Every structure is written in C-alpha cells, then in structure tokens.
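Because only heavy atoms are used, hydrogens play no part in the values below, and waters and symmetry mates are left out as well, while side chains stay in. Not measured: the values here are computed from a predicted model. Quick note on labels: first sequence line is chain A, next is B, and so on, each numbered from 1.
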Amino acid sequence: MLDYTAMILAIGPELWLAAAGLVGVLLGAVLKDRFNSLSFKYGALALFGAAALTLIFYQGGEAFGGLVRTNTFVNFAKFVSFTVGGFALIMSEGFLKRHETIRYEYVLLTIFASLGMGIILSASDLMTLYMGVETLSLSSYVLAAFHRDSARSSEAGLKYFVLGALASGMLLYGASLVYGFAGTTSYAGIFTAETSIGLLFGMVMMIVGLAFKVSAAPMHVWTPDVYEGAPTPVGAFFATAPKMASMVVFANVMFTAFGGILDQWQMIISIIAGMSMLIGSFGALTQTNIKRLLGYSSIANMGYALVAVAAGRETGAGALLIFMTLYVISSLGLFAGVLAMRRRGGMVESIDELGGLMSTRPWLAIALSILIFSIAGLPPFGGFFGKWEVFNAGVQAGLMPLAIILVIASVVSLGYYLRMVKIMWFDEPKERFEPIDGSVTLTVLASAFVAGIVFLIFINTLADWANTAALGLPS
Amino acid sequence: MGGFPILSAVVFLPLLGALIIMGVRTATAGSFSKEEAGKENRAALLAGMIISGATFLASVAAFLTFDANAAGYQLVEQYAWYGAVTYKVGVDGLSMPLILLTTFLTPICLLASWNSINTRVTEYVVAFLVLETFMLGVFAALDIVLFYIFFEAGLIPMFLIIGIWGGKEKIYAAFKFFLYTLLGSLLMLVAVVYMFQAAGSSDIEVLEKYAFSPHVQTWLWLAFAASFAVKLPMWPVHTWLPDAHVQAPTAGSVILAGVLLKMGGYGFLRFSLPMFPDASHLFQPAMFVLAVIAIVYTSLVAWRQTDMKKLIAYSSVAHMGFVTLGIFSFTEVGVQGAIFQMLSHGLIASALFLIVGVVYDRMHTREIAAYGGLVNRMPVYATLFMLFTMANVGLPGTSGFIGEILTMVGGFQASTWAAAGAALGVIFSAVYMLTLYRRTVFGEITNPKLEGIRDMNMIELVCIVPLALLTLLFGVAPNLIFHITEGAANRILSLMVGG
C-alpha cells in the first residue's frame, strides 16, 4: 500500500510538474495555436508553482521504497533551478514571437526538462537517476534544435544528441558496473558496499557521464557549439537551471553514494576541475561570439564549482550551493543581456556589437558590467563571495594546487571579462539596440541587483540557507 | 561605541552622492538640448564637488572627535556581516591622516577637471565619487576581508577613469594597470584565506596578536608584499605606473599619485609589520636593497625622460623608495618619517601633476622640448612650479625635506649603506627636477605657439594654492602630523616586539 503523504512530501513538486506538463499537452491539443502565447504564462505558473511547492516540502521525505529520497540539500537546488527556469521561460516569449516560432511545445519541453531536473535531484537510486537524466536530456535535445529551419540550431541539436547519448551510455554502463559489484542500485547500499576494482570502474564511468552533463572538461566540447547554435533563450535555459541541478546531482552522487571512498575520487574530480578552469578561461580568451564566450565561461565556472565537490561533503556542500546560486543568477542576467542585443529585426551576437553601450543604453551597460564583475568574482560584488567560499573549501580540504589553479584561471578570465567591459565603456558607440522586452530588462536589472548587490550585503543570509541546507545530506 | 556612525558616513557619503547623481541624470535624460550639454556637465561637476566637499567636512568632523593621545583604534563600528567576517571600521593615527588626504584631494581633482573634461562628465563624476568611497574604505577597514574588498574594488573605477578619459594609449594602460594590480591582489587573497582559517577570525585587531609560526610568516609576508609592492610601487614591479600616469587624465594622475600609491605603504604598516614581524626582519635587507635601487635607478630614469608626466611618475617611484626605507628601518623615527613622507608626497606629487595639467590643457603636449621660457608669460605659474620643484627635491622649509630626512635617519640607524644610497637619490632628484624646471620655465621662448599662452586662471589657482600652503605649513611645523601619527607608529613597533 502506497503511503501517499510520504510520497507527496518527497516528490510533490515533481508530481505538480508532471501534471502541469500533461495538462499542457491536453490544452495544446484542444486550443491549438491559441495556446501558443498563453502557454508562456502557463509554463511560468508551473515552474514558479513547483518552486513554491519545493519550499513547502522543503524538509523532504522518502518514497517508493527508497527510490526517491529528498532532503534540504537537493531541495535548495530544486528551488533555485525552478525559479531561474521560470525566469528563462518568461524572457523567451518575445524572442520566439519575433522569430515566428512561438509554439506551446517550447513551454512543454521546458516543463518536462524541469521535471527531469526534479527527478535527478530527488533520486537516491541509480535507476531513478538515469530515468531523470533521460527526461532532462531528451527534452533538451529537442529544445536545442527548436529552430528546426535553421541549420545552426539543427546542428546544435544533433551534436548535443549524439554526444549526449554517448554520455548517457557511459553513465548507464557505469551504473550497471556499480550494480554488478555492489549488488544494489541504491545510494545508501553503494555507500556501504565493499570497495572493489569493478565498483571503482563503474564510478569512473558515472563520473564521465555526469561531467558531460555539467560540461566539465574534458567532456566539455559540446558546450560552446550548443550555446552558440541553440536559440538564445534556450542557451539561457541551458546555462542556468540544468547546470544548477546537474552540478548538485553530481555532488549528491559523489557525497551520498561514494562518500565513503572520497580518497578514491578526490583526485579525479580535482583533475576535472583543474582542466575545466584552465580550458574554460583560456578558451574564452579568443572568442568573438558572445554566446560561445559564455559557453567557455560556464566551463570555467563549472571547474570552480567542482573544486567544492572535490573538497568533500563537510567543507564543500555549503560552498557549492552558495557558488552555484550566485553563478546561475549572474548567468541568467548575462544571457538576458544577449537577448537584448537586437538591431533592425536581427539578433547580433558579436561581442563588438556591444560597443559604446554605456552611451546608448547606460543602465543595461551598468547592469551587465556588474554581472560580469560578479561572475568574475571581483569585489565588491556578490560573486566574490561565491569564489571566496569555493576557494576557502579548497584550501580547507588541503587542495592547494587546485586553489592555485583557481587563482590563475581567475586572472586569465579577467582578460575576456575586462574586454567585454572595455567594449561597453570605452569603444565608440554603435547604433542603439532595438527596444528591449520588459521581461528581459527586468531580468537583467534584477539579476544584477540580486547577484551583485543584495547578496553582497546579505551574503550571510544566503550562506545560512545554503549551509543549513547542506546539513540535510545524509552522513 | 554607540552614537552616530561618523566613519561609515564619511566612507559611504560619496557613494550615496554618486547614486543620487546617476538617478538625477536618468530622470533628466533628454531634457537638455545639445547647446545646454555644457550646462548639464558643469552641474554634474558642481554636484560632485559639493558631495566630496561635504565628505571632507564630515572627515574633519570625524577628526575633531579623534583623540590623538589615545592608543589603539577609535571611532570603531562593528556590525555582523558574514559569519566570522564582520563589517568593522575604525581609525588610528596611521589611517586618519590618509583619510583626510583622500577627502581633501577628491574635490580638488573634480575642480581641476572643470575645463579639461568635456565628454561623459556625469560618468566621470560618478566614477570619482565611487573611487573615493573605496579608497576611504581601504583606510578605514579593520577587517581584513573588508579591507581586501575595498582594496580590489578600487581597481574598477580607476580602470574606467584611465580607459575612458585617458590619452592615446589609454586602453593598454588601463589593462596593464588592472591586471598587474590584480595579480598581486590575488596572491594576497590566498594569504588572507589562509590567515582567516588559521586564526578563525578576520578582525585585524585579533590577527595583530595572533602569532603565526616564522615559516608560515615568510610565505604570508611574501603574498602580502606581492600586492603592496605592486601598489606602492617598488622596483622592479613599477612598470605599470608610468603608463598609467601618462595615459590617465590629470585628475586621475593626482588620485593615483596622491592616494592609490599610499595604499601600498599603508598595507605594509598595517599588515606586514605587526602581523609578520619575524618575516619582516628576515626581509629587511632585501627591502633595503630594493628601496635603494628604486631611489637611485628610477631617479636616473626620470632624468632621461622627455615627457613631463613620465618624469614625475618615475620621481614618484623614487620617493616611494624613501617610504619603504623608513618603514623597514623598524625605528620610530623611520616609521613616522614614512607616514609623513606618504602625506607629503601626496600633496607634492598631486600638485606637480596639476601643474603639468595646466600647460597640457593649453598646449596639448607633455613633451619637455615643446616648452621653455614659460616664466616670461606665466610668472605665477613659474613661482608655484618652483615651490613644488623645491619641495620635491626636499628643500628645507617644505614638507618634502622632513619626510626624506626622517626616513633617512631611520634608515641610517638600521643600515648605514642603505641611507648612503638613499642620500645619493636626493642628489639625483635635484638633478632631474631642476633640469625639468630649467628646460620648461627658464630660457627664451623658442616655440612660437607659446607666445600667446596665458597664466593660471582662478580655478587652477584654487586647486594648487591650498596644496602649496599645506606643503609649506607641514614643512615648517611637522609636529602637526607627528602629534597624530606618534601613537600609531609606536603601537606598530610595539606589536612587532610583543607580537
């Protein structure tokens, strides 16, 4: 007999999203094209509702005989993912309308992708994890190729699909090895299982699969291509909500299932983190397309986040949540800035097109500069504390080489972040951008204000939430 | 504690003013026609001057409640912020004069820009006010993380000031300035994180008493020195300075020479000496060598310059060498002399950059060869220029003399050779300054464009005369400063012994 109360406590937000997705399909079937524009409000309602439900069931629970187990650590990530996902959806509407691709399927795919994020975060069993990963990935492949008439978009979707399928295969293969040697698929069971070479093999395979999902080097190559090719609002979505969810899932798997053998994987994660930081920041130096640049920048930032994972549960879990929260808010704002880059009906994507933005649209330039400095981790903006936390965790865990790479990568990354600021502030003004959607302006200004200034002054509040949430991890 | 948070008010008043100016400009955007743009610009500058003037008055008010005889930090405010990191500000005899110097120079900078800055004036004023907040924060912070935040934040507005309103090579200079300083700062950040974890607190007063093992001290000292040596700047990491100075607008150079360089010396005195006394002793010979090289070598480099601003920039490096010498003598007279030299150089170098700016605004060249015979057309200018030339050389009666002689006395007590080397630098400073003066001011007018040059106007006089008066005042009555700095200098030295 199912215990419905426990089930709702554990997966209330996912049930809500699944229901919202299915009702959306029905509405779409009935209303047809009339649903297209309305669907964005519907989708935002679904995602913000899921975020609210996450807060209501924040303490989490267990369901389906241990296949799903939520706690405050993953619920924190769920809340952030659903919220930024909702914002990413709201600001897509104008873009899609202008490209005449405004269709309710976009919203439904976003809802299903969010459902996948919810499932992977709730998973406490490799089977649930894989199910969620596929729900998220399949929706994402279609979203990347959403502009099906555009060669670039189709190429992005195909690339993402082929490489993603390979990574999923790796993950599944690793999971089956782990199952074979541990005799169980539940995280708790793997935690207590005896360490064997086969189990470690499986773990490494799973790390490869998960590293692909968070676009960490050397499984990062798809990121710049997909960010560039996918329609900009899809890029904004990819860079924020799934990143938050996947990274926290990555940490959750390592801490919960393989937490007992930290010494076995700390080195692997450290190398992945170091490579991501260096490849991301050096790779971005020569980019001229702003979406590709943001792609490389996200690789580097995932490297910073992985430093917190490598630091282990006690020191790293809270730091990871703080860093990722500040990162996804800033990232959302920067992509909203890319959405604002529109001239005479066409989107422009070259960084040089931002030239003299300070003269033509001062508030946009100021907000973007704050976001850039914040994401670069430069004081006096909130992002500084994200990096401070990660750095602190790394030093505390004795990962000095990694901490030094973090410093080097930060200086290198300033090279391209400063170039963007230089173009906006120093260069000759270019023609003014077309009027910007209200939702886009709001997202840029709000994320700059929140990530840059609110969380500078009230960083303690965020850190309290995150550190308390991290205590929810089973030890 | 309790009462009105006067120090925070001083620190954040300029930032508040900057926000108001931005808000007003957004509200009135488009309501000025092209012809009235000049009026709008002047209004922005005027507002900036009123705000920075008010900040100066507020800092004077803070100074009046400051008790020079009391030991330790005063006007302390502490609020919970981020776990063990607190918002803690306070002043002592070391930081109070530097705060006054900052609030005093900022309105002068804005006034000096009255005629020379004509593009994007509102942003210019906002950048200066934001910069002022960060500079004041650096001197007022009593929490090492808070200090770091202000220290590094100051890079952003200065980057914009050089990059937007600078000369031909401004982009290069702005990037060099930023990345050079940032690399040093990040090494300091590594040390800050380590200290924070070791001591469990980021409170400067706690860290001053925390005894790091000598081995650890060595590394921490090096990390901090990487940052402060770049900022001061010391030879051989001074190369960003001439570029930044030459490309920055006049007011930017003034702030750079007047305040930003002082952060390096302040950092050595606030952190390196009291917190890492063993390492400071260990590195004393090295610092003396670097200081003497800075004094002698950069003086010689200054002599060969053809660009007036570059000459003064190199002379700044040389004068900062005296500061290093005084600080690392670990004697009361040396440390007091170093603080005095920082203040005195803040006045003299600022004035010299303003003086170069006066002729640059008229002739749009800084080449020494383009001038000559200015005394025939600009007698007032020549007089003031003479005064600051002599002050920079270290003529008795000016504040430059007191700073140089005291740091050398301090250096002499620690190392005869270092003092002897520094004395050589004093001679060189006379050589290059007098050469500069002779070639620009004396002689016949050879450049026909100079025939119609006008003497200083009212605005320029209002900028420079107060600096001249203070230079003379502190040269004649240095006790005005020593009275304030004595307690702080003794406290730093006693921490070194007892620490």
Side-chain angles (χ1 to χ4, degrees), chain A residues 315 318 322 356 358-359 362-363 365-366 369-370 372-373 376-382 384-385 387-398 400 403-404 406-415 417-419 421-427 429 455-464 467, chain B residues 15 22 25-26 29 79-87 119-120 122-123 126-127 130 133-134 137 145-157 159-166 170-172 174-175 178-180 182-194 196-198 223:
Chain A
T315 44
I322 298 171
M358 190 56 204
S359 306
W363 285 103
I366 290 173
S369 306
I370 290 179
I372 288 168
F373 283 128
L378 210 68
F381 300 111
F384 167 70
F385 280 117
K387 270 202 182 155
W388 162 265
E389 277 294 328
V390 166
F391 190 80
N392 234 326
V395 173
Q396 218 162 351
M400 277 322 273
I404 290 166
L406 197 155
V407 169
I408 295 171
S410 298
V411 177
V412 174
S413 69
L414 248 300
Y417 289 133
L418 275 186
R419 185 155 56 97
V421 174
K422 175 219 136 195
I423 288 168
M424 284 192 283
W425 289 71
F426 302 169
D427 285 5
F455 281 144
L456 173 77
I457 300 167
F458 299 106
I459 180 68
N460 206 28
T461 317
L462 174 67
D464 269 351
N467 288 326
Chain B
L15 185 67
M22 268 191 339
R25 195 190 72 160
T26 313
Y79 307 100
W81 185 21
Y82 182 27
V85 179
T86 56
Y87 173 84
T119 51
R120 303 165 76 177
T122 317
E123 294 159 40
V126 168
V130 171
T133 282
F134 293 154
V145 178
L146 186 66
F147 168 83
Y148 179 80
I149 288 175
F150 281 126
F151 190 80
E152 191 140 314
L155 297 182
I156 298 171
F159 174 75
L160 298 177
I161 288 171
I162 298 176
I164 299 178
W165 297 279
K170 57 189 182 181
I171 309 278
Y172 170 76
F175 271 77
F178 198 105
L179 293 176
Y180 228 111
L182 180 80
L183 190 62
S185 306
L186 282 172
L187 289 171
M188 178 168 79
L189 179 65
V190 177
V192 167
V193 169
Y194 181 90
F196 179 58
Q197 292 188 350

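When side chains are defined from C-beta on, B:Leu189 counts as touching A:Phe384, because their heavy atoms get closer than 4.5 Å. B:Glu123 places none of its side-chain heavy atoms less than 4.5 Å from the side chain of A:Pro362. In this structure the side chain of B:Val192 never reaches within 4.5 angstrom of the side chain of A:Phe391, judged on heavy atoms. Between B:Val190 and A:Val395 the shortest side-chain heavy-atom distance does not fall below 4.5 Å. Counting heavy atoms from C-beta on, the side chains of B:Ile164 and A:Met358 never come closer than 4.5 Å. The shortest side-chain heavy-atom distance between A:Phe381 and B:Ile156 falls under the 4.5 Å cut-off. A 4.5 Å side-chain heavy-atom check between A:Leu378 and B:Leu155 finds every atom pair outside the cut-off. Looking at B:Trp81 and A:Leu456, their side chains come closer than 4.5 Å, going by heavy atoms from C-beta outward.
A:Pro380 and B:Phe134 make their closest contact through CG-CZ, 3.6 Å (heavy atoms, listed as atom of the first residue, atom of the second, distance). Nearest heavy atom pair, residue A:Gly415 against residue B:Phe175, reads O-CE2, 4.2 Å.
Contacts of B:Phe151 with chain A are absent, with no heavy-atom separation under 4.5 Å from either backbone or side chain. The parts of B:Ile149 that come within reach of chain A are both its backbone and its side chain, each placing non-hydrogen atoms under 4.5 angstrom from that chain. For B:Phe196, the part lying near chain A is the side chain, with the backbone staying farther off; criterion is any non-hydrogen pair under 4.5 Å.
Here B:Leu182 contributes atom CG and A:Leu418 contributes atom CG; the two are 8.0 Å apart, rounded to the nearest 0.5 Å. Between A:Met424 atom CE and B:Leu160 atom CG the span is 10.0 Å, to the nearest 0.5 Å.
Note: A:Asn392 leads A:Val407, A:Asn392, A:Ile408 in heavy-atom pairs under 4.5 Å with chain B. For the options A:Leu462, A:Asn460, A:Asp464, heavy-atom pairs under 4.5 Å to chain B are most numerous at A:Asn460. Counting heavy-atom pairs closer than 4.5 Å to chain A, the top-ranked of the candidates B:Phe150, B:Phe159, B:Tyr194 is B:Phe159.
With sequence neighbours excluded, the residues satisfying side chain to side chain donor-acceptor pair (under 3.5 Å) with A:Trp425 are A:Ser369.
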**Request:** Go through the steps for B:Tyr82 and A:Trp388 under the test side chain to side chain contact (heavy atoms under 4.5 Å, CB included), then give the verdict.
**Result:** CA-CA 12 Å; B:Tyr82 182 27; A:Trp388 162 265; 4.0 Å; yes
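In this structure, B:Tyr87 places its OH atom where more than 12 heavy-atom neighbours from other residues, nucleotides or ligands lie under 6.0 Å away.
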